[in-house]
Amino acid sequence: MRSNVGPLRGADGNGSLLEAVGLAIHSRIGGDQRTIVRSLDLSLDEAETVGIVGESGSGKSMTARALVGLLPSGLSARGEVRLDGNNILDLSQRELGRIRGSEVALVLQDPFTMLNPVTRCGDQVADGLVDAAGRRLGRRARREEASRRLAEVGIPETVDRYPFELSGGMRQRVAIAAALAGDPRILIADEPSTALDVTTQREILALLKSLQTSRSMALLLITHDLRVAFSTCDRIYVLYAGSLLEVGGAGAVEAEPLHPYTLGLLLSEPPGDRRLTELVAIPGSVPAADDVATMCPLAPRCQWAQSKCEVSHPPLNPVADNRLSACLRIDEIRAEMHSLRHNAERPAVVHHTAEASVPLVRVENLEKAFADASRRRGSPPVIALGGVSITVGVTESVGLVGESGSGKTTLARCLVGLETPTAGVITIDGVDASNYGSLSADQLRKLRRTVQIVFQDPYSSLNPLRTVGSALKEVLELHHKGGRNLEGGVAELLERVGLAASLSRRKPVALSGGERQRVAIARALAVQPRLIICDEPVSSLDVSVQAQILGLFRTLRDELGVGYLFITHDLAVVRQVVERVYVLYRGEVVESGPVETVLDHPQHAYTVRLVESVPRSASQQRPMR
Amino acid sequence: MIFIARRLVAAAVLLVIMSGAVFGLLYASPGSAEQVLLGTRVANEETRENIRQRYNLDEPLTTQYWLWAKDAVRLDFGESIRTGEPVLNAIKDRAQLSLRLGAYGFAVAFVAGIGLGVLAAMRNRSGIDRAVVSLSVVGASSPAFVTGVFLLYVFAVLLGWFPVFGQGEGAMDQLWHLTLPALTLAFGAAALLIRFTRAGMITALDQDYVTFARARGVSEGRVLFGYALRNAMIPVVTASTVLLAAMLTGAVLIEVTFALPGLGALLVDSVAFKDVLMVQGLTMLLAAVAILTNLLTDVLYLFADPRIRYTRVAP
Ligand SMILES: Nc1ncnc2c1ncn2[C@@H]1O[C@H](COP(=O)(O)OP(=O)(O)O)[C@@H](O)[C@H]1O
Ligand code: SF4
Ligand SMILES: [Mg+2]
């Protein structure tokens, strides 16, 4: 398929700096081949900022890696990636090594795993430095230059530091400095702000933007967040299940998305100021690219789909000035989409469970001090929890909000016995669970069946060596659930959380973030618990996936009557799920009450600050974030 | 540095406990202490009295231990029952050869083990990888004397490339004589090192920091050694205690197999002759070496992983 990017190219009409034509990426695991990216055309001009936006699993990261010739093993790319008259896909690793760093550099997604843990930051930046002749610099010169480069990203003091001594935001800065060490003309940044907290996110994006301007470098920004793309990029590519669905200028797309998927993404962002009746703006889940190869990829999920949408793969077509859309019906449905966007955000009424209901979990004056936590020498013990009391009623959903380090996770871990409290009492369904070590096997089993936990990072909580199916089967077997038909039990669990049964053969590494979190939820559901503790369960997910998982939490609640202790830093999220909320600050509950009361009329200074930091919903059209 | 201080204390405590056990060997041996120390000498009243005097057998047990330990700190373990030669002298005579064998073997194991481990990881799932893994399986499961006899038969007897026994004269000749024993010693250790290195490298090569290093044009050599191997070595350092144990036990058998008059051979002879004093000296020495290596491993680990340096508690 020849490119349609022609009309969208920069005004000078010169060839692009970087251009992908018909880029296709396939994976081969065992015998079967999967399409990851179908056929993608993309161009990046000098000093331009281009965004690739899409949900997790849409192929953004693999596209980014293909562009620098660094696909993981098992994946291969076809097509063309033109840079300086070369086709990147044809070059040897040795030739690529010369291009990477000096022409194009890629910053990966996760600042916490991207840096070498045993090497000082200055040295890591210096590793990419070369002199005019392309040789490695001398020891002295390296250090000086590394300091200068780290100063460029605002943290010169980290030159002798190890990554583990730095916060996520600082690590991301080090990574950016390292990526820029060879002065590339193109920087590809894969979700540079996703793993960071809200305020840091803004700083990193601002830094990237300013570096891009001062170095007049081209920036390819990969993000799941449309609003980030709107505020940072000149042009936007919307990727879905390995296909581009919409391409256009950032301002134009923001003013009026011309593909139902882009609209859906926009509407998926939960607003902080009200609870929505309906959370899932785009129902269902992202299909595998191969499953939608002969139709519009959105067809299974699109409310405007007609039979003509299901007979062939719609190409990207010009639909307006400098706008491309892969929707066949865009002219017919444009007005309808417009009005949908305006009606979308109706507030819902929160149904409170009778508050006097029997408490399932009661926590009284819980204290936890980490005497020997991994802190610098000489510091006093860290008080993670300083006398916290909360209750969670039967079938009730309760939120626990606070910034990172406020003790939320410690409380959760105490509840499930991963941590033993220093003082205080935990009662779960009548069992004293203050000290898991002193419980009988029967009591432990009972607790496990009552309370389950889902962590923020679904990847680290799933065994990377086991398939999804065998992990679920094990839990079913252990708790004698699912009867004799374990396969059926697994399929049912997967279906409950909105996953295809065929996914049970995959290992966690081959799942997207949303899929992994669904698997983690399925595993928690396997024992049919009465309460699920969710520790930041959606904070690492894309907005639309987040909306889906939040929807899933609501559905499970309605269908199974399971309650939640929902831990999050995100007030917009907590508002969608719980009835009551506790605000935790430095190990103490500073405020609690019905969720609307607390969020609409915060009393404590800290709660006020939290409420103010909530990003507005997209439909409120805040110009910059 | 609290970490190191703690480990030092632990090592000292361990050493004291070991010394108690070693001292106890005298009483654990069949027969009275006096008879044991007498060995094959004529048992008249005079010699008996001499022995009682020399080894303080009339003192209470604690005093005996105290006096023994005081001597042991000065490396005085008494005289060999068999030869009458001071134990320390006998050990000194033999230690050189063992040390050379150990160093030679360790060097070979280190280079081959890590080199092959890295190679196998880089060519993961290729023919080379499978060959290296098979080699390490053989190495880890064949006892040192079997390897020794096999190498002896093939390279010394059949091919005649290497001498069958003895230690040779002059540096080159000695090296030549020590090659087969060192290879034997290295085989098992290299097998372990291959496993650890290969696993560590495969994991490390898959990490984001390796991809990111490549994504910004860091040279492949630096990526392999500065990034991947540097991280892969952390678990290897931790495992080197296992390695040492394997090499120590291997060395004893190898010296006997190749008829090398080293410490291992001395230990075996001394046990056979019930030369308790010699055995005491040797075991005390070996225990001290083992404990010190352990300590060294901990310190190395500290350098290998900066994250540990900043935490108060050992992982
Ligand atoms: N190492 C891998 N091997 C096989 N499939 C993979 C691998 N990594 C990712 N995938 C698959 O590729 C698809 C796209 O993933 P990715 O590019 O990471 O998406 P995104 O960055 O948009 O979230 C997903 O379906 C994922 O399951
Ligand atoms: S082509 Fe059809 S299914 Fe696809 S987005 Fe347009 S209306 Fe929906
Ligand atoms: Mg990604």
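Just so you know, these numbers use all the heavy atoms, side chains as well, and skip hydrogens, waters and symmetry mates. Within every chain, numbering begins at 1; the chains are lettered A, B, ... in the order of the sequence lines, protein sequences first and strands thereafter. Bear in mind the structure is a predicted one, so any value in this text is a computation, not a measurement.
Comparing A:S73, A:G128, A:G101, A:P163 by heavy-atom pairs within less than 4.5 Å of chain B, the highest count is held by A:G101. Among the candidates A:L70, A:L106, A:D127, A:V104, the residue making the largest number of heavy-atom pairs closer than 4.5 Å to chain B is A:D127. Most heavy-atom pairs under 4.5 Å with chain B: of the set A:P117, A:A105, A:A179, A:G97, this distinction falls to A:P117. Between chain A and the residues B:G217, B:A215, B:G226, the most heavy-atom pairs under 4.5 angstrom are made by B:A215.
Atom CG of A:L219 and atom CD1 of A:I186 lie 10.5 Å apart (nearest 0.5 Å). To the nearest 0.5 Å, atoms CG (A:L108) and CD1 (A:I222) are separated by 10.0 Å.
Ion pairing between a basic and an acidic side chain is recognised when a charged N comes within 4.0 Å of a carboxylate O; A:R98 and A:E103 show no such pairing. No salt bridge links A:R120 with A:D160; every basic N to acidic carboxylate O contact stays at or beyond 4.0 Å. Under a 4.0 Å N-O distance rule, the pair A:R171/A:E165 does not qualify as a salt bridge.
Proximity to chain B is absent for every atom of A:A181, based on heavy atoms less than 4.5 angstrom apart. With a 4.5 Å cut-off on non-hydrogen atoms, B:R214 touches chain A through its backbone and its side chain both.
In this structure, A:D183 and A:R149 have side chains that are in contact, with non-hydrogen atoms separated by less than 4.5 Å.
No donor-acceptor pair under 3.5 Å is formed between the side chain of A:T158 and the backbone N or O of A:R161. For the pair A:Q124 (side chain) and A:T119 (backbone), a donor-acceptor distance under 3.5 Å is present.
Identified by a heavy-atom distance below 4.5 Å to chain A, contributing residues of residues 182-202 of chain B are lacking entirely.
Looking only at atom types and distance, the side chain of B:S19 has a donor-acceptor partner in the side chain of B:Y65 under 3.5 Å away.
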